[in-house]
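See below for the structure under consideration.
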Amino acid sequence: MPISTEKKKRNLIALDETVVKANKKRYYVYSAVDVKRNELILMKVYPTRNWLVTRSFIKEVLKYCKNKPKFVIDKAPLIWNSSTKPFGKRSLVEFLFSSFKQRAKIFFYR
């Protein structure tokens, strides 16, 4: 999946987060994918998951947008706000997380 580092007009962004265990600790991986272009916009790892972390991630994603896009999310209440609504088309992010988790397991396998 290509990674986009420039500011573009984006219509639909898929957001999701997942948990990865490494060295007996839990880390939360947030990811944002441009649905139309099939591009990874941003992926960040955090040691905790809360509303402030989620909000800062969304603000950082918006730095890569020339407009105010709609977001595709799951039913995670930490991501919901006035500009997000839960609905489908999240398969891009789920595919990305699946690949990421497989690689993380291999790297941290002990």
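For this chain, numbers begin at 1 and follow the sequence in order.
Contacts of Lys8 classified as side chain to side chain contact (heavy atoms under 4.5 Å, CB included), with partners at least two apart in sequence or in another chain: Ser4, Glu6, Arg10, Arg37, Glu39. Residues satisfying the side chain to side chain contact (heavy atoms under 4.5 Å, CB included) test with Tyr27, not counting sequence neighbours, are Ala22, Lys25, Val45. Listed by chain and number, the residues in a salt bridge (Lys or Arg N to Asp or Glu O under 4.0 Å) with Lys44 are Glu60 (sequence neighbours excluded). Residues forming a ring pair (Phe, Tyr, Trp, His ring centres under 6.0 Å) with Phe57 (at least two apart in sequence, or on another chain): Tyr30.
In this structure, Asn50 and Leu52 approach most closely via the heavy-atom pair OD1-N, 3.0 Å. Taking each heavy atom of Leu12 and Pro69 in turn, the nearest pair found is N-CB, 4.4 Å.
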Q) After noting the C-alpha distance and the side-chain angles of Asn11 and Asn67, does the key distance pass the side-chain contact (heavy atoms from CB on, under 4.5 Å) rule? A) CA-CA 8 Å; Asn11 296 322; Asn67 59 326; 4.1 Å; yes
Q: Please assess Trp51 against Ser56 for the test side-chain contact (heavy atoms from CB on, under 4.5 Å), listing each intermediate value before the final yes or no.
A: CA-CA 9 Å; Trp51 185 80; Ser56 70; over 6 Å; no
Q: Mind running side-chain contact (heavy atoms from CB on, under 4.5 Å) on Tyr28 and Val19 for me, showing each step along the way?
A: CA-CA 5 Å; Tyr28 299 89; Val19 179; 3.4 Å; yes
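Using a 4.5 Å cut-off on side-chain heavy atoms (C-beta onward), Phe71 and Ile58 make contact.
To the nearest 0.5 Å, the span separating CG on Leu40 from OG on Ser31 amounts to 5.0 Å. Note that OH of Tyr64 and CD1 of Ile41 are 9.5 Å apart. Values are rounded to the nearest 0.5 Å. Between Lys66 atom NZ and Lys9 atom NZ the span is 10.0 Å, to the nearest 0.5 Å. Here CG of Leu42 is found 10.0 Å from CD1 of Ile13. Values are rounded to the nearest 0.5 Å.
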